[in-house]
Amino acid sequence: MKLSRRMILQGAGSLSFAIASLRAGALAQPAPAAPSEVPPILFVHGNGEYDALWMTTMWRMESNGIARDRMQAINFTDPNARSDDKVEQAGRSSTEDQRRELAAATAELKRRTGASRVALVGSSRGGYAIRNVIKNGGAGDVSHAVLCGTPNHGVFATDDQLNSEFNGRGAFLRGLNDGESEVTPGVAFLTLRSDGMDKYAQADGRFIGKPGTPTGVTVEGPELKGATNLVLGALDHREVAFHPRAFREIYKFIAGREPARIAIVPEQSVKLGGLVTGTPGGAPTNRPVAGATVDVFRVDPETGERKGNAVHSAKTGADGRWGPAQVEPSWSLEFVLTSPDAPTTHIYRSPFPRSSEIVHLRAARPLGPADKDAAAVVILSRPRGYFGLPRDVVLLDGKGPADVKSGVPTDSTATLRLPAGDIGRNIVAQFNEERIVARAWPASENRIAIAELTY
C-alpha cells in the first residue's frame with residue numbers, strides 16, 4: 001500500500017477575485033461556523049518574502065469561519081537565505097535562524113490560543129523551516145504540515161555548492177530526507193506542487209542561471225514519501241501556495257472538509273495596518289523601518305486620481321508599524337511611503353474587501369542606470385504569483401510588457417519607463433480580471449509608482 005497519493009487538478013481557470021463579490025447582498029452573507037477541531041494555523045513565507053503574501057489566504061479562511069485570532073503569519077527577520085548555510089552573511093538567514101524563529105512563533109501561537117498543537121502552512125523555503133522544526137523536537141507541537149512548492153529535493157542536486165540549503169545533495173536536505181519515509185511520524189503532511197510550471201522544479205538549469213546544465217531535479221521534487229502529494233495543474237511556484245485552488249486543498253486538509261466557499265466575503269468596515277520595511281544594500285529584510293511616513297488616499301478606480309485628502313497619515317516608530325487606517329471595502333487606494341534613503345513610493349491597490357494587520361509596505365528599489373532616461377517609472381508587481389504567458393492576460397499601459405518572458409512563469413514584476421510628456425497621466429495595469437490604475441510620478445523627484453496586484 002502506498003503512503004502517498006497524487007491528484008492532478010488540471011486548469012487553473014480564470015480567477016474571479018474578491019471584489020467581484022461586492023455585488024448586492026454580499027456583505028450580508030454570514031461566514032459558516034468553523035469545525036471545533038480545526039487547530040490554529042501559522043503561515044510561513046518563502047525566500048525573500050514576508051507575511052502579507054498570506055493575506056488573501058487568511059481572508060478566505062475567515063470567510064469559512066476561521067477566527068482571525070486563530071491565525072498568524074510569521075515575518076522572518078532576514079528572509080533571504082545565505083549562499084553558504086554555514087557562513088554568516090549580513091542581512092541573510094541560516095536554516096537554524098529560521099528554525100529558531102519558527103519554533104518561537106509556534107510556541108507563541110500555542111500560548112495565545114491555548115491549543116496543544118498547531119497547523120503549519122509554508123510556501124517554498126518556508127517549508128524547509130517547517131520540516132526542520134518538526135524533525136528537531138517540534139513534532140509534538142504540530143498537527144498538520146502543508147508544504148506549497150517547497151523544493152524538498154532541492155532546486156538543484158549537484159556536487160557543487162554543497163553548503164547551499166537548496167542543494168538536494170547538501171547536508172541540510174539530506175538530513176531532512178533521510179530514511180524510507182521522508183516525513184516525521186505523528187504529523188499529517190501535505191505537499192502541493194505544479195505540473196511543470198514551477199521555475200524551481202525544472203530539469204534544466206536555465207531558470208537558476210545555468211542554461212543547458214542539468215539540475216538533477218524534476219517536477220516531482222516537491223513531493224515527499226509518506227505525505228499526501230497533490231498536483232495542482234499549471235500553477236506557478238507561488239500560486240501553489242496563494243491561488244484559490246491551493247486554498248481549497250489547504251483548508252480541506254486541515255479542516256477535514258470542503259470549504260463552504262472559495263470567494264472572499266467582504267466586511268462592512270475595513271481596518272488596515274502593517275509593517276514598513278526596506279531593502280538596505282538591495283536585499284529585502286523584514287526589519288522595521290522607523291521614521292517612515294505612510295499616507296493613504298482613496299483614489300478613483302478609473303483614473304487613479306485622489307478623491308480628497310489622505311484618509312490616514314502616520315509616521316512609524318521603532319517598531320515600524322503603521323495604521324490602523326479605516327477604509328471602505330469598495331475603495332481603490334494609493335499608499336504613499338516616504339522612507340529614509342529610498343524613493344518615495346506610490347503603491348496603488350485594488351479594494352481591500354476585509355481588514356488586515358499584515359499590509360506590508362516595502363519601499364521601491366532605488367532608481368538605477370536603466371531608469372536614467374525615464375521621466376517616470378511605473379512597476380506592475382504580482383507578489384502572490386508570476387506572470388505566465390500565454391497563460392495570463394498581462395497588460396501595462398495597453399501593451400504586453402516587453403520584460404515578461406513566455407513559457408514557465410518566472411517574472412513577478414514588469415517595468416514601464418515613460419518620457420517627459422507622460423508625467424501625471426494615468427497608467428492602466430491589467431492582470432486577468434484585476435485592473436489597477438496608477439499615476440506616473442516624476443522620477444526627477446525620486447518617485448516610483450507601483451501597481452501592486454492583490455490576486
Side-chain angles (χ1 to χ4, degrees), residues 49-53 55 75 77-79 91 269-301 303-328 331-352 355-368 371 375-381 383 413 423-424 426-427 429 436-454:
E49 295 175 346
Y50 44 90
D51 56 357
L53 298 192
M55 181 174 63
N75 253 336
T77 304
D78 295 309
S269 180
V270 172
K271 288 185 178 180
L272 305 176
L275 182 68
V276 173
T277 66
T279 54
T285 81
N286 290 322
R287 296 176 182 270
V289 173
T293 301
V294 176
D295 297 299
V296 183
F297 294 88
R298 181 187 179 188
V299 298
D300 187 307
T303 65
E305 293 184 2
R306 294 172 182 172
K307 302 182 81 169
N309 297 326
V311 297
H312 177 80
S313 294
K315 192 168 187 176
T316 59
D319 63 356
R321 303 292 303 181
W322 72 272
Q326 186 81 41
V327 302
E328 296 296 324
W331 289 358
S332 295
L333 298 173
E334 176 195 356
F335 298 83
V336 183
L337 175 58
T338 307
S339 192
D341 304 316
T344 299
T345 307
H346 300 258
I347 304 169
Y348 293 85
R349 296 289 300 265
S350 297
F352 285 75
S355 299
S356 178
E357 296 180 351
I358 56 170
V359 183
H360 191 122
L361 301 178
R362 186 179 281 167
R365 48 85 173 165
L367 292 162
D371 308 311
V377 176
V378 180
I379 297 172
L380 171 60
S381 175
T413 63
I423 289 176
N426 63 320
I427 304 296
I436 300 173
V437 180
R439 305 289 293 181
W441 292 85
S444 61
E445 297 178 4
N446 198 27
R447 296 176 182 269
I448 292 181
I450 299 177
E452 182 178 320
L453 297 160
T454 299

Quick one, L361 and E452 - any side-chain contact, counting heavy atoms below 4.5 Å?
no

Where do P301 and S332 come nearest, in terms of heavy atoms and distance?
CB-OG, 3.4 Å

Tell me whether T285 contacts the main-chain N or O of G91 through its side chain, where contact means a donor paired with an acceptor under 3.5 Å.
no

Closest heavy-atom pair and its distance - S381, I450:
CB-CG2, 4.0 Å

Nearest heavy-atom neighbours spanning L53 and P383:
CD2-CB, 3.4 Å

Can you confirm whether Q326 sits close enough to V311 that some side-chain heavy atom of one is under 4.5 Å from a side-chain heavy atom of the other?
no

Heavy-atom closest pair, residues G320 and T316
O-CG2, 3.6 Å

I'd like to know whether CG of D319 has more than 12 heavy-atom contacts from other residues, nucleotides or ligands below 6.0 angstrom.
yes

pair T413-R365: side-chain heavy atoms closer than 4.5 Å:
no

Shortest non-hydrogen contact from A292 to L337?
CB-CD1, 4.1 Å

With side chains defined as the heavy atoms from C-beta onward, is the minimum distance between R321 and L275 less than 4.5 Å?
yes

So, taking the atom named CG in L453 and the one named CD1 in I436, what distance separates them when rounded to the nearest 0.5 Å?
4.5 Å

When rounded to the nearest 0.5 Å, the distance separating CD1 of I448 from CD1 of I347 is 11.0 Å

Side chains of S339 and T345, heavy atoms from C-beta outward: is any pair under 4.5 Å?
no

Kindly say whether R287 contributes a backbone atom to a donor-acceptor pair with the side chain of D78 at under 3.5 angstrom?
no

With no hydrogens and no angle check, do the side chains of R362 and T277 hold a donor and an acceptor under 3.5 Å apart?
yes

Surrounding CD of E328 (heavy atoms of other residues, nucleotides or ligands, distance under 6.0 Å), is the total greater than 12?
yes

So, taking the atom named OG1 in T344 and the one named CZ in R447, what distance separates them when rounded to the nearest 0.5 Å?
5.0 Å

Starting at OH of Y50, measure out to NE2 of H360 and round the result to the nearest 0.5 Å.
6.5 Å

When you compare the side chain of P79 with that of E49, does any pair of heavy atoms fall below 4.5 Å?
no

Shortest non-hydrogen pair, G308 vs F297, comes out as O-CD2, 3.9 Å

With heavy-atom distances below 4.5 Å as the criterion, would you say the side chains of L272 and W322 are in contact?
yes

Looking at CZ of R439 and CD of E305, how far apart are the two atoms once the value is rounded to the nearest 0.5 Å?
4.5 Å

Rounded to the nearest 0.5 Å, what separation is found between the CE atom of M55 and the CZ atom of F352?
5.0 Å

Do any N or O atoms from the side chain of N75 and from the backbone of D51 form a donor-acceptor pair under 3.5 angstrom?
yes

Between the side chains of D295 and S313, does any donor sit under 3.5 Å from an acceptor?
yes

In the structure I gave you, are the side-chain heavy atoms of R349 and T454 within less than 4.5 Å of one another anywhere?
yes

